[in-house]
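Atoms within each ligand, like the ligands themselves, are counted from 1 in listed order.
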Amino acid sequence: MSENTPKRITLTRPDDWHVHLRDGDALPLTTKDMSRYMGRAIVMPNLTPPVRTVQDADLYRDRITAAMSKLPRQFEPLMVLYLTDKTTPEEIVRAAKCSFVYAAKLYPAGATTNSDSGVTDINALHPVLEAMEKHDFPLLIHGEVTNDSVDIFDREKRFIDKTLRPLVAAFPKLRIVLEHITTADAADFVSDAPANVAATITAHHLLYNRNHMLVGGIRPHFYCLPILKRRSHQAALLAAATSGSNKFFLGTDSAPHPKDKKEAACGCAGSYTAYAAIEMYAEAFERVGGLHQLEAFASFNGPDFYGLPRNTDTITLEKTSWRAPESLDMGGTPLIPLRAGETLSWSVIDD
Ligand SMILES: NC(=O)N[C@@H](CC(=O)O)C(=O)O
Ligand SMILES: [Zn+2]
Ligand SMILES: [Zn+2]
């Protein structure tokens with residue numbers, strides 16, 4: 001940390017371009033945490049059953065809005081369709097024309113939490129991708145192959161080589177966000193790709209590597225997909241996020257699972273960070289002397305890529321430490337957030 005690190009920074013209000021709000025009893029907590037200072041949130045559609053149609057998205061958006069109605073401030077939920085083998089080009093056209101669906105998400109079937117209804121053959125999806133390209137409707141991707149034979153630490157790189165590179169070549173105008181990137185390979189691929197290809201990066205992949213998850217005991221709350229990689233990949237992600245490139249932006253991938261589903265013999269993938277997201281990003285950026293790049297990453301690059309206006313008001317962060325809660329209440333079920341009980345060094349203060 002350099003001596004002239006600021007103790008207080010004011011940023012244009014950020015947005016979260018990748019979050020799991022879940023549904024039902026989870027919504028009071030997830031919408032409360034998201035509403036503290038985020039302007040907008042790209043709401044991931046991997047519910048059970050998933051958000052497959054504009055009508056599903058409309059109803060889900062109503063449930064989110066209802067959960068938010070008692071909160072002191074609101075954020076705007078930007079809805080996303082979940083692509084399946086049965087998605088039609090007509091549904092894409094409907095989504096592109098409606099005012100509240102902003103993208104469609106590709107989950108390779110079996111790649112992550114609630115991806116069972118995902119896409120089994122991307123080649124069969126070509127008519128849908130053509131419609132997306134034609135209507136300038138962004139494609140968001142969970143970029144991992146699912147073959148049993150591919151090592152879990154190699155699944156992102158393999159997806160880039162096997163699927164993403166050909167996809168970008170076949171649909172040169174399609175806007176693509178490679179979500180929650182975790183490797184130097186992904187950072188390099190996105191940096192070198194044309195301007196219509198971008199990536200989100202989570203706070204946890206900037207702050208941690210696989211040693212944090214596995215050395216001295218197995219820590220299930222660090223288990224998320226794509227899995228934390230080795231330290232050199234973490235360094236590459238930090239370099240990309242703080243590089244000043246407009247291709248990288250904030251997406252927390254905050255993904256709550258009940259405590260007993262994480263601390264289990266076969267625990268779920270996903271880490272909950274939304275309660276302290278910008279605070280954790282500030283810590284990561286500060287660690288590499290990149291705080292001056294935080295505003296572009298958190299507040300400019302996302303809306304610019306999606307073709308939406310930047311937020312016009314601001315939030316202020318102060319270097320004041322606070323203790324993260326040991327546990328949160330997700331609709332009557334305990335949820336252990338990432339960093340539970342630990343000290344966080346940045347706070348968001350009211351203007
Ligand atoms: N990231 C995760 O580990 N989990 C996410 C799904 C996802 O974003 O892949 C979830 O929904 O729990
Ligand atoms: Zn994912
Ligand atoms: Zn996610």
Side-chain angles (χ1 to χ4, degrees), residues 15-24 26-27 29-30 33-34 38 41-51 60 77-83 102-119 138-146 152-153 155-156 159-160 163-164 176-183 186 198-208 210 212-213 219-229 237 249-264 266-274 277 280 302 330 333 335-338:
D15 306 294
D16 186 346
W17 300 95
H18 181 137
V19 69
H20 301 271
L21 298 178
R22 311 295 194 213
D23 207 350
L27 285 176
L29 173 72
T30 56
D33 283 344
M34 192 55 28
M38 291 296 181
I42 279 278
V43 180
M44 286 295 151
N46 61 333
L47 307 179
T48 29
V51 179
Y60 183 28
L78 309 179
M79 309 311 289
V80 177
L81 292 193
Y82 184 117
L83 296 174
Y102 286 82
K105 179 78 186 269
L106 168 64
Y107 293 98
T112 186
T113 304
N114 293 345
S115 62
D116 302 349
S117 318
V119 172
L139 174 69
L140 317 183
I141 302 182
H142 180 108
E144 288 191 287
V145 295
T146 55
I152 188 167
F153 291 99
R155 288 179 176 204
E156 183 175 272
F159 182 89
I160 292 167
T163 308
L164 189 55
I176 296 175
V177 184
L178 185 56
E179 298 292 337
H180 46 40
I181 61 168
T182 63
T183 56
T200 53
I201 308 182
T202 77
H204 45 287
H205 288 98
L206 294 175
L207 286 168
Y208 301 111
R210 64 197 195 185
H212 294 99
M213 180 173 59
R219 293 180 174 76
H221 299 291
F222 286 105
Y223 176 62
C224 63
L225 291 171
I227 198 159
L228 290 170
K229 306 297 192 297
L237 298 175
F249 45 87
L250 187 159
T252 60
D253 191 21
S254 182
H257 292 277
K259 176 180 178 181
D260 63 341
K261 296 276 188 324
K262 291 288 294 174
E263 299 177 8
C266 182
C268 293
S271 300
Y272 192 69
T273 52
M280 289 192 211
M330 183 164 66
T333 312
L335 163 72
I336 309 300
L338 205 71

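Ligand 1 is approached by His18 to a heavy-atom distance shorter than 4.0 Å. Not a single heavy atom of Lys261 sits less than 4.0 Å from an atom of ligand 1. In this structure, Glu179 falls outside the shell of residues with a heavy atom less than 4.0 angstrom from ligand 1.
To the nearest 0.5 Å, atoms NE2 (His212) and CG (Leu228) are separated by 9.0 Å. Between the NZ atom of Lys105 and the CG atom of Leu81 there is a distance of 12.5 Å, given to the nearest 0.5 Å. Separating the CE atom in Met44 from the CZ atom in Arg22 is a distance of 11.5 Å, to the nearest 0.5 Å. Going from atom CD1 of Ile181 over to atom CD1 of Ile201 covers 4.0 Å, rounded to the nearest 0.5 Å. Atoms CG and CG, from Leu237 and Leu207 in turn, are 11.0 Å apart once rounded to the nearest 0.5 Å.
Of all atoms in ligand 1, numbered sequentially from 1 with element shown, those under 4.0 Å from a heavy atom of His142 are 9 (O). For ligand 1, the atoms closer than 4.0 angstrom to any heavy atom of His180 are 8 (O), 9 (O).
Considering both main-chain and side-chain atoms, Thr113 comes within under 3.5 Å of ligand 1 through a nitrogen or oxygen pair. By the 3.5 Å distance cut-off applied to N or O atoms, His257 is counted among the residues near ligand 1. On a distance-only criterion, Cys224 and ligand 1 share no N/O pair closer than 3.5 Å. The distance criterion of under 3.5 Å between nitrogen or oxygen atoms is met by Leu225 with respect to ligand 1. Taking any N or O of Asp253, backbone or side chain, at least one lies under 3.5 Å from an N or O belonging to ligand 1.
Between the Zn ion (ligand 2) and the N, O or S atoms of His142, the shortest distance is to ND1. Atom NE2 is the N/O/S atom of His180 found closest to the Zn ion (ligand 2). When you scan the N, O or S atoms of Asp253 for the one nearest the Zn ion (ligand 3), you land on OD1.
Side chain to side chain, Tyr82 and Asn114 fail the donor-acceptor criterion of an N or O pair below 3.5 Å. Between the side chains of Lys229 and Thr182, a donor-acceptor pair is found at a separation under 3.5 Å.
One option in Glu144, His20, Arg22, Met44 has a heavy atom closer to atom 12 (O) of ligand 1 than any other, and that option is Arg22.
Checking Thr113, Asn46, Thr252 one by one against His20, the side-chain hydrogen bond (donor to acceptor under 3.5 Å, both in side chains) holds for a single residue, Asn46. Screening Ile42, Leu178, Val177, Leu140 against Thr200 for a side-chain contact (heavy atoms from CB on, under 4.5 Å) leaves a single residue, Val177.
The shortest distance between side-chain heavy atoms of Pro258 and Met330 falls below 4.5 Å.
Nearest non-hydrogen protein atom to atom 4 (N) of ligand 1 is Ala269 O, 3.1 Å. Of the protein's non-hydrogen atoms, the one nearest atom 6 (C) of ligand 1 is Thr112 OG1, 3.3 Å.
With a 4.0 Å cut-off on non-hydrogen atoms, Asn114 does not touch ligand 1 at all.
The aromatic rings of Phe249 and Trp17 lie perpendicular to each other, with more than 60° between the two planes, well past the 30° mark.
Here the angle centred on the Zn ion (ligand 3), running from NE2 of His18 over to NE2 of His20, is 110°, rounded to 10°.
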